[in-house]
Q: 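Can you read through this structure? Questions will come right after.
One-based numbering, in listed order, for ligands and for the atoms of each.
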Amino acid sequence: MSKIDLNKVRFSTKVVHAGQSFDPETGALSTPIYQTSTFCFETVEEGAAKFSKTIPGFTYTRGGNPTTRALEVKMAAIEGGEDCVATASGMGAVGAVMIAFLKAGDHVVCGDTLYGGTSVVMRTNLAQFGIDVTFVDTSDLEAVKKAFTPKTKLVYFETPTNPLMTVTDIKSISKIAHEKEARVVVDSTFAPPPIQFALKLGADLVLHSVTKYLNGHGDVLGGVVVGTKEDIALIRGNGVTKICGNPPSPFNSYLVLRGLKTLVMRVEKHCQNAMDLAKYLKTVSAVKEVYYPGLESNPFHKLAKEQMNGMYTGIFSFELKENINGMNSFEAGKKLVNGLKIATIAVSLGDPDTLIQHPASMTHSNVPKEIREKSGITDGLIRISVGVEDVEDLIEDFEQSFANL
Ligand SMILES: Cc1ncc(COP(=O)(O)O)c(C=O)c1O
């Protein structure tokens, strides 16, 4: 067993050590991969006691697995929550939360800028179950207040949002929601600890697509939800274990545990590189706007400085001007992205590699242009997840591609 008192150590130490217990059989330092679907018992009585939870222990991996449990304990410590449940993907976490806390007739106040998959759940799937959703710009606190009804049970939003990096004030929204006895759920995928600690700011539940910064190596799909013991037990029982049946594989849990050990230094590097690249892009004549809350000119800078611990995350968007050497911004955007040699054309974020995408021709290509542009996703908008390469190389890569426009 580890001798560390996690309440007495600083954050990076906690991230490395939380959830770790040396393997009692072998003394292995790294958490073993318990790649098993089921667990056996010496006697029927032992099985009965473990199923009824009168003694602790594992029975079947859908309900719990030692490798996955180590990940859950680590994530609860990282987010400062009482407990955590891990899922097979970020969408698994979103779905499990909805199933745990909503029933027909309930109402949700929901951020109007969401990851595409979550948007489908909120706009289509919840209606199938008789749940009403009001979409609102959650950075506008007055609009949020007006969106509540007597049936509101949940307030759900992402901060910062994808791709324009709008920041929502978690503390203020939590205060408003708690006066109305609604739970606040924050998707903090774009700003993991140590950037943002949603629970400490007042949210009831924080969820992540672990696929992104938390695993950080682009080789796993996963999700987590962190909150109180009671709420996590409900999500685990009603959502993950039963209706959704979507726990992670023990192997993926192991990979995430491994990735988390370097979370703090990776995130610091992503944030520093993003800041340097955003500042460079701000000086480029073909660039109309850079949407990064780390820039003092950004309308969310003041709030982000406080809420995101002055780190502002590693992802942002920028927009090209309308006429660049006779090209419209759609053509120029494609040419700029195609001309990059280090930044890889791909969706997702939080990988060591810099990933870049052109929403108008990729993720949002099937959204009609007027609807896209209404939410700020113009033809010249480019989203970049800044990796952990040397930022000088990234800047030189952009310089050569801009020079060829
Ligand atoms: C903000 C956000 N939430 C949730 C998800 C869904 O996560 P996953 O792809 O792991 O299911 C994503 C995926 O990109 C995301 O960006």
Q: Within the structure, is a non-hydrogen atom of Asp187 found at a distance of less than 4.0 Å from ligand 1?
A: yes
Q: For Leu221, is at least one N or O under 3.5 Å away from an N or O on ligand 1?
A: no
Q: Just need the protein heavy atom nearest to atom 5 (C) of ligand 1, so name the residue and atom and give the distance.
A: Tyr115 CD2, 3.4 Å
Q: Are there over 12 heavy-atom neighbours, none belonging to Lys282, within less than 6.0 Å of that residue's NZ?
A: yes
Q: Kindly say whether Pro163 contributes a backbone atom to a donor-acceptor pair with the side chain of Ser317 at under 3.5 angstrom?
A: yes
Q: Between Ser209 and ligand 1, does any nitrogen or oxygen pair lie at a separation below 3.5 Å?
A: yes
Q: Assess Lys212 for proximity to ligand 1: is some non-hydrogen atom of it under 4.0 Å away?
A: yes
Q: Do the side chain of Thr67 and the main chain of Pro250 share a donor and acceptor less than 3.5 angstrom apart?
A: no
Q: Can you find an N/O atom of Thr118 closer than 3.5 Å to an N/O atom of ligand 1?
A: no
Q: Of all the heavy-atom pairs spanning Ala191 and Met308, show the shortest one and how long it is.
A: CB-CE, 4.0 Å
Q: What I want to know is whether Gly90 and ligand 1 share at least one N or O pair that is separated by under 3.5 angstrom.
A: yes
Q: Which pairs pass side-chain hydrogen bond (donor to acceptor under 3.5 Å, both in side chains) with one or both residues in residues 247-256, sequence neighbours excluded?
A: Thr68-Ser253
